[in-house]
Amino acid sequence: MFCLHYDSQTRTVESVNGSGRCPAALTLAAVRAKYSTASEMERRFPTSADSVTVPGAARGWEDTIERFGSGNLTMAQILEPARLLAEEGFPVATLTASRWSAQMR
């Protein structure tokens, strides 16, 4: 999740990068301590749990609302339309429904 926000009053653009963060306790020193050599780290780290980022999209939305929101709506109010779509679905165009149906056969 990435957000670019343009403030028309100050004519500035700010951004939020919600692509994901590393775990708070993960440091370079902690990673290096897990491996006996640099070549072992190069070989094993890319497939280890330490190489996975914490999903950032939800936090990115929260950061965006805190930084650029009006303060007039709660997070629950903002997310209510998404909750309804997730629970109830949404209508799709007839052509799309027809093609999806044909692909299921």
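Nothing fancy with the numbering, it's 1 onward along the sequence. Values reported hereafter were calculated over all heavy atoms of this structure, with side chains retained and with hydrogens, waters and symmetry mates removed.
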Measuring from atom [atom1] of [X] to atom [atom2] of [Y], what distance do you get when rounded to the nearest 0.5 angstrom?
{"X": "Leu4", "Y": "Asn17", "atom1": "CG", "atom2": "CG", "answer": "10.5 Å"}
{"X": "Met41", "Y": "Ser48", "atom1": "CE", "atom2": "OG", "answer": "10.0 Å"}
{"X": "Leu79", "Y": "Trp61", "atom1": "CG", "atom2": "CH2", "answer": "7.0 Å"}

So, for Pro46 and Ser51, which heavy atoms are closest and what is the spacing to 0.1 Å?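 Where Pro46 meets Ser51 most closely, the heavy atoms are O-OG, 3.1 Å.
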Using every non-hydrogen atom in the two residues, find where Asp7 and Gln9 come nearest and quote the distance to one decimal. OD1-N, 2.8 Å
Which side-chain N or O atoms in residues 28-36 pair as donor and acceptor under 3.5 Å with protein atoms at least two apart or in another chain?
{"from": "Lys34", "atom 1": "NZ", "to": "Asp50", "atom 2": "OD1", "distance (Å)": "3.2"}
{"from": "Lys34", "atom 1": "NZ", "to": "Asp50", "atom 2": "OD2", "distance (Å)": "2.6"}
{"from": "Ser36", "atom 1": "OG", "to": "Glu40", "atom 2": "OE1", "distance (Å)": "2.8"}

Under 3.5 Å donor-acceptor pairs involving side-chain atoms of residues 87-102, not counting sequence neighbours:
{"from": "Glu87", "atom 1": "OE1", "to": "Arg83", "atom 2": "NH1", "distance (Å)": "2.7"}
{"from": "Glu87", "atom 1": "OE2", "to": "Arg83", "atom 2": "NH1", "distance (Å)": "3.1"}

According to a 4.5 Å side-chain heavy-atom criterion applied to Ile, Leu, Val, Met, Phe, Trp and Tyr, with indirect links allowed, do Phe2 and Val16 form part of one hydrophobic cluster? no
Close side-chain approach of Thr64 to His5, heavy-atom, < 4.5 Å: no
Taking the side chain as every heavy atom from C-beta outward, state whether Arg67 and Glu14 have any atom pair closer than 4.5 Å.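 They are in contact (side-chain heavy atoms under 4.5 Å apart), so the answer is yes.
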